[in-house]
Protein chains: 2
Amino acid sequence: MTITEVSEKFDIPQDTLRYYERIGLIPRVNRNKSGIRDYSEEDCNWVEFIKCMRSAGLPIEVLIEYVELFQQGDATIEARKELLIEQRKQLIAKIEAMQKTLERLNYKIAVYEQVVVEKEKELKRSEN
Amino acid sequence: MTITEVSEKFDIPQDTLRYYERIGLIPRVNRNKSGIRDYSEEDCNWVEFIKCMRSAGLPIEVLIEYVELFQQGDATIEARKELLIEQRKQLIAKIEAMQKTLERLNYKIAVYEQVVVEKEKELKRSEN
DNA sequence: ACTTGGCTTGGAGTTAACTCCAAGTGTTAT
DNA sequence: ATAACACTTGGAGTTAACTCCAAGCCAAGT
């Protein structure tokens, strides 16, 4: 797959794909004879995985570490697992905080709705 | 309340509190005769509200707009309500995306756990 | 009176995460 | 063969959201 195809498939700018590769957020992609990137199936899986993790706010730094561990082979399986568990913990906390904020927004919106209703009542009263 | 107290109460750096006020993310706080901030009850409520919304990732830009609308009085109630509804929509989407990522992390961790178990079995076998 | 310490302001600096750009190379169409 | 085009690289620029800093003010303690 060319970079253009991958960019379209995952809706990630080409510059971002190159940037991710440069900083080691995805393993290095193979080039063809003329030096142009040729994404393999596995490369695509990495891109998709990273996109998913980034969209949930996992920091790039941590993901780079994960990729580095992965490239060191089986000896780092335990470390990778621990890294993911730590990130899961933080993700759960973030989701919980957001849920709280959501409830607060719901409440605030409900109050505004009530205010609007009151105003309409007043309006009707004054129309008589 | 002094800025030091507010900073400690909400665990927000003083510089951040000043910054929030400077950019209009919270309404201007009154100063005493010698020009020092004296946070009222309402100021504190704003700080707490903004902290909550920011922690859920609502952009500063949008919150500034909310504060501006608020300061324009009752005529903007409908607009404020709409703004909050839009932000709620986006927050729900974000939470859903994060939940998906969480499930994926759970799955990945489970796989790693499985691998670790397999490795242990192998080890035991080779010990015989 | 003088130092200490917390506060003020406006402005500069930092960090994370892109995003853009210039200069250059290789393939394809005319 | 020459233009058009997609791609390459390394490096510079941008954006959001802080974070730090210098210079100065003012009240309290010695």
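Convention: sequence-line order gives letters A, B, ...; per-chain numbering from 1.
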Nearest nucleotide by nearest heavy atom, which residue falls closer to the 5' end of DNA chain C, A:Arg22 or A:Gly35? A:Arg22
Value in whole Å for how far the P atom of C:dA16 lies from CG of A:Leu63: 14 Å
Sugar-phosphate, base or nothing in reach of B:Arg54, heavy atoms under 4.0 Å: sugar-phosphate
Ion pair B:Glu21/B:Arg18, N-O distance below 4.0 Å: no
Check the distance between D:dA28's P and B:Asn32's CG and give it to me in whole angstrom. 11 Å
Write down the distance between CD1 (A:Ile36) and C1' (D:dT9), rounded to a whole number of angstrom. 13 Å
Any side-chain N or O of A:Arg37 less than 4.0 Å from the OP1 or OP2 oxygen of D:dT9? yes
Taking N and O atoms by type only, does the side chain of B:Asp15 place a donor or acceptor under 3.5 Å from a partner on the base of D:dC18? no
Nucleotide C:dA16, atom P - distance to CD1 of A:Ile23 in whole Å: 11 Å
Any side-chain N or O of A:Thr16 less than 4.0 Å from the OP1 or OP2 oxygen of C:dC18? no
Of the candidate nucleotides C:dG6, C:dA17, C:dG26, which contains the atom at the shortest distance from the side chain of A:Ile60? C:dA17
Consider the side chain of A:Thr4, meaning its heavy atoms from C-beta on, and name the nucleotide among C:dG6, D:dA27, D:dA6 that approaches it most closely. D:dA6
Please classify the nucleic acid contact of B:Arg31 as base, sugar-phosphate, or nothing, using heavy-atom distances under 4.0 Å. sugar-phosphate
Would one find more than 12 heavy atoms of other residues, nucleotides or ligands at under 6.0 Å from atom CD of A:Glu61? no
Quick note, A:Tyr19 side chain, CB onward, closest among D:dC20, C:dC18, C:dG26 is C:dC18
Protein-nucleotide distance (A:Glu5, atom CD; D:dC7, atom P), rounded to Å: 9 Å
Respond yes when some side-chain nitrogen or oxygen of A:Tyr20 is under 4.0 Å from OP1 or OP2 of C:dA17, and no when none is. no
Just the rounded figure in Å: distance from P of D:dT9 to CD1 of A:Ile3. 9 Å
Is any side-chain N or O of B:Thr2 closer than 4.0 Å to OP1 or OP2 of C:dG6? no
Thinking salt bridges, do A:Lys81 and A:Glu78 make one under a 4.0 Å N-O criterion? yes
Any luck finding a side-chain donor-acceptor pair between A:Gln90 and A:Glu86 under 3.5 Å? yes
If you count the non-hydrogen atoms of other residues, nucleotides and ligands that lie under 6.0 Å from CD in B:Glu118, is the total more than 12? yes
Choosing from C:dT8, C:dC18, D:dC18, which nucleotide comes nearest the side chain of B:Arg18? C:dT8
For atom CD of B:Glu8 and atom C1' of C:dG6, their distance in whole Å: 12 Å
Report the distance from atom CG of A:Asp38 to atom C1' of C:dG26, rounded to the nearest whole Å. 16 Å
